[in-house]
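Worksheet: one structure, shown below.
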Amino acid sequence: MRAFDTAVPSRRLAYLVSMMPALSEAFILREIEQLRLRGFDIRIASINRPDRAPEQMTTAEAREASAAYCVKGHGLPGALLAHAATLARRPFAWLRGLTAALALAGPDPKRIALWFAYFTEALMVGRWLRRTGAPHLHVHFASAASSVALLVHRSFRVPFSMTVHGPDEFYDARGQRLREKVADAALVVCISHFARSQLMMLSDPRHWPRLEVSRLGVDPARFKPEPRGCAGPFELLCVGRLVPAKGQEVLLAAVARLVAQGRDLRLTLVGAGPQSDELRERVGSLGLVDRVALVGGVSQDHIAQYYRRAHCFALASFAEGIPVVLMEAMAMGLPCVTTRITGVPELIRDGIDGLLVSPSDAEGLAEAIGSLIDDPNLCRRLAANARASVVAHYDLARNTARLAAIFERRIGASAGSATAATAVAGEFA
């Protein structure tokens, strides 16, 4: 495996992700690509295998999947080798990691087994880090992958940072050990002020200075408005995983209300997930078979065509960070209707950049969508404002430049000078 080049340590990074690639996390790869354009040397480790076969990936996804270190791809032999090699070469590091895993797990046998698995993965990631010479580890989401990163840090003293999205990470803050992760991390990137506020509530005020807001973004040159025809039904689009948190059941109920009112509209649901069969049954029971299309998961190469066909984007979520799909739709010049939750109002100002409704309110959602069907001028005004807001505040290149500056400043402080890589390598020697 190729070691890092001669780039300064503050621009050498290892990214640890849960899955590379994953349809629902394409933004991570876009972030990495932008950082590389800014001179960062980034290697990727993935806990799980990809969610698709190579022929279903984009060219960039297939390239990264083939280059990434896949922890579970090495199976039991890789796990046993990691334990044996670490015990032989760094017994105190192995003992530190095991002690930390047991302390973080607590007395519950199931949690002990879970954290021992995290510990094993941490040893495997640690061996990979030694081979790459990475001086710093970054992870997206403060959940399972960050638990592995925490144990890499506790075992081998490798500094780590994490990007927190919310709100899922906050539901079991104690079980996720968020307080400990914030305390140990050199940097915590929060994608919204909402996410930062939740971590402030859960962490010691002494650690608040390491919580930095750095927003995600989209490429306005790639996602840009195109003329849309007015003939035919009003085309409604929803993009998201088919899971309860996305509220697609509520969206279907809203569509049923609008159809009952005599509205001529169609809904396209783009996404895959465990609720797929359940939602198909619901479409049938509501008599919407000729009004709703479930098209499954769509890669980044093809998602824009669905935005182009739509007249409105709707997301009835119960829980979100700040959805990238909303940014994409806004950049494409689509009026958006979504729920007034978590960090979403930081992206959309109600009545200015889009329409916000209460979560679970199918009647209110139907009313908002109906107002767009009835008022083309409102559609045009919201769409224009949405595009302008994304260009001003959620431009991928600009926001990644801010993230790059944060990394250089923070990693320079935690990983140190040009001797940092040598120090880290020495920890594994």
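Only this structure's heavy atoms are used, side chains among them; waters, hydrogens and symmetry mates stay out.
Among residues two or more places apart in sequence or in another chain, the side-chain contact (heavy atoms from CB on, under 4.5 Å) test is passed with Pro233 by Glu235, Asp264, Arg266. Applying the side-chain contact (heavy atoms from CB on, under 4.5 Å) rule to Gln198 yields the partners Phe170, Phe194, Met201; only residues at least two apart in sequence or on another chain are considered. Scored by the ring-ring contact (aromatic ring centres under 6.0 Å, His included) test, His74 finds Tyr69 as partners (sequence neighbours excluded). The side-chain contact (heavy atoms from CB on, under 4.5 Å) search around Arg179 returns Asp204, not counting sequence neighbours.
You'll find the side chain of Val17 stays beyond 4.5 Å of the side chain of Val139, heavy atoms only. Taking 4.5 Å as the limit, every side-chain heavy atom of Glu25 sits out of range of all side-chain heavy atoms of His165. Put simply, the side chain of Ile303 reaches to within 4.5 Å of the side chain of Phe223, judged on heavy atoms. Side chains of Ile341 and Val344 form a contact here, defined as non-hydrogen atoms less than 4.5 Å apart. Counting only heavy atoms from C-beta outward, the side chains of Glu346 and Tyr394 approach each other to under 4.5 Å. Looking at heavy atoms from C-beta onward, Pro274 lies out of side-chain contact with Leu242 at the 4.5 angstrom threshold. In this structure, the side chains of Leu252 and Leu267 come closer than 4.5 Å at one or more pairs of heavy atoms. Side-chain contact check for Leu150 versus Leu104: some heavy-atom pair is nearer than 4.5 Å.
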> Are Phe313 and Val239 close enough, and set up right, to give a side-chain contact (heavy atoms from CB on, under 4.5 Å), and what steps lead you there?
Replying inline: CA-CA 8 Å; Phe313 187 90; Val239 179; 3.7 Å; yes

>> The test is salt bridge (charged side-chain N to carboxylate O under 4.0 Å, His left out); show your working for Lys246 and Glu320 and say whether it passes.
In response: CA-CA 8 Å; Lys246 297 295 182 180; Glu320 290 282 2; 2.7 Å; yes

> Which is it for Val292 and Leu294 under the side-chain contact (heavy atoms from CB on, under 4.5 Å) test, yes or no, and what are the steps along the way?
Replying inline: CA-CA 7 Å; Val292 178; Leu294 285 84; 3.9 Å; yes

>> With side-chain contact (heavy atoms from CB on, under 4.5 Å) as the criterion, how do Arg402 and Ile406 come out once you've worked through the C-alpha distance, each side chain's angles and the decisive distance to 0.1 Å?
In response: CA-CA 6 Å; Arg402 169 174 166 75; Ile406 292 172; 3.9 Å; yes

>> Pair Arg308, Met332 - check side-chain contact (heavy atoms from CB on, under 4.5 Å), show working.
In response: CA-CA 7 Å; Arg308 293 188 193 103; Met332 292 286 291; 3.6 Å; yes

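Between Phe141 and Phe27, the ring planes are perpendicular. Angles over 60° get that label, and only those under 30° would be called parallel. Ring geometry, His140 versus Tyr15: the interplanar angle falls from 30° to 60°, so the pair is classed tilted. Between Phe407 and His138, the ring-plane angle classifies as perpendicular under the 30° and 60° cut-offs.
A donor-acceptor pair under 3.5 Å is formed between the side chain of Asn399 and the backbone N or O of Leu216. Ser155 places no side-chain N or O within donor-acceptor distance of the main-chain N or O of Val152, the cut-off being under 3.5 Å. Remark: the backbone N or O of Val158 is paired with a side-chain donor or acceptor of His153 at under 3.5 angstrom. For the pair Arg340 (side chain) and Leu356 (backbone), a donor-acceptor distance under 3.5 Å is present. In this structure, the side chain of Asp353 engages the main chain of Arg349 through a donor-acceptor pair within 3.5 Å. Proximity of a side-chain donor or acceptor of Arg11 to a complementary backbone N or O of Arg38 within less than 3.5 Å is detected. For the pair Arg96 (side chain) and Phe156 (backbone), a donor-acceptor distance under 3.5 Å is absent. The closest donor-acceptor contact from the side chain of Arg157 to the backbone of Ala93 lies at 3.5 Å or more, if one exists at all. A donor-acceptor pair under 3.5 Å links the side-chain atoms of Ser192 to the main chain of Ala195, judged by distance alone. Side chain of Thr400 to main chain of Ala397: no donor-acceptor pair is present (N/O by atom type, distance under 3.5 Å, no hydrogens or angles).
Closest of all the heavy-atom pairs between Gln248 and Val243 is OE1-O, 3.3 Å. Closest non-hydrogen pair, Pro21 versus Pro50, comes out as CD-CB, 3.6 Å. The two residues Thr339 and Pro359 have their closest heavy-atom pair at CG2-CA, 3.6 Å. Taking both residues in full, the closest heavy atoms of Cys190 and Leu199 are given as SG-CD1, 3.9 Å, listed atom of the first, atom of the second, then distance. Between Val337 and Ala368, the closest heavy-atom pair is CG1-CB, 3.8 Å. Smallest separation of non-hydrogen atoms from Cys238 and Leu251: CB-CD2, 3.6 Å.
Of the candidates Arg43, Arg30, Arg36, Arg36 is the only one forming a salt bridge (Lys or Arg N to Asp or Glu O under 4.0 Å) with Glu64. Screening His193, Arg398, His393, Met327 against Arg215 for a side-chain contact (heavy atoms from CB on, under 4.5 Å) leaves a single residue, His193.
The CG atom of Leu265 sits 6.0 Å away from the CG atom of Leu236 when rounded to the nearest 0.5 Å. Taking CG from Leu29 and CE from Met57, the interatomic distance works out to 11.0 Å, rounded to the nearest 0.5 Å. The CG atom of Leu355 sits 8.0 Å away from atom SG of Cys312, with the distance rounded to the nearest 0.5 Å. Going from atom NE2 of His311 over to atom CZ of Phe234 covers 7.0 Å, rounded to the nearest 0.5 Å. Within the model, atoms CD1 of Ile348 and CG of Leu382 stand 9.5 Å from one another, a figure rounded to the nearest 0.5 Å. Put simply, CG on Asp41 and CG on Leu35 are 11.5 Å apart, with the number rounded to the nearest 0.5 Å.
Annotation: side-chain hydrogen bond (donor to acceptor under 3.5 Å, both in side chains) contacts involving residues 366-387, sequence neighbours excluded, comprise Arg263-Asp374, Asn377-Arg380.
Judged by distance alone, the side chains of Ser147 and Lys181 do bring a donor and an acceptor atom under 3.5 Å apart. Checked by atom type, the side-chain pair Gln34/Glu31 shows no donor-acceptor distance below 3.5 Å. There is no side-chain donor-acceptor pair under 3.5 Å between Gln176 and Tyr171.
Using a cutoff of 4.0 Å between basic side-chain nitrogens and carboxylate oxygens, Arg174 and Glu180 are not scored as salt-bridged. Of the charged side-chain nitrogens involved, at least one lies within less than 4.0 Å of a carboxylate oxygen, so that Glu61 and Arg52 count as a salt-bridged pair.
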Would you tabulate the side-chain donor-acceptor contacts of residues 114-125 under 3.5 Å, counting partners in other chains and residues two or more places apart, or write 'none'?
unit_1, atom_1, unit_2, atom_2, d
Thr120, OG1, His83, NE2, 2.9
Thr120, OG1, Phe116, O, 3.0

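Annotation: cation-pi pair Arg309/Tyr306 present, NZ/CZ under 6.0 Å from the ring centroid and within 45° of its normal.
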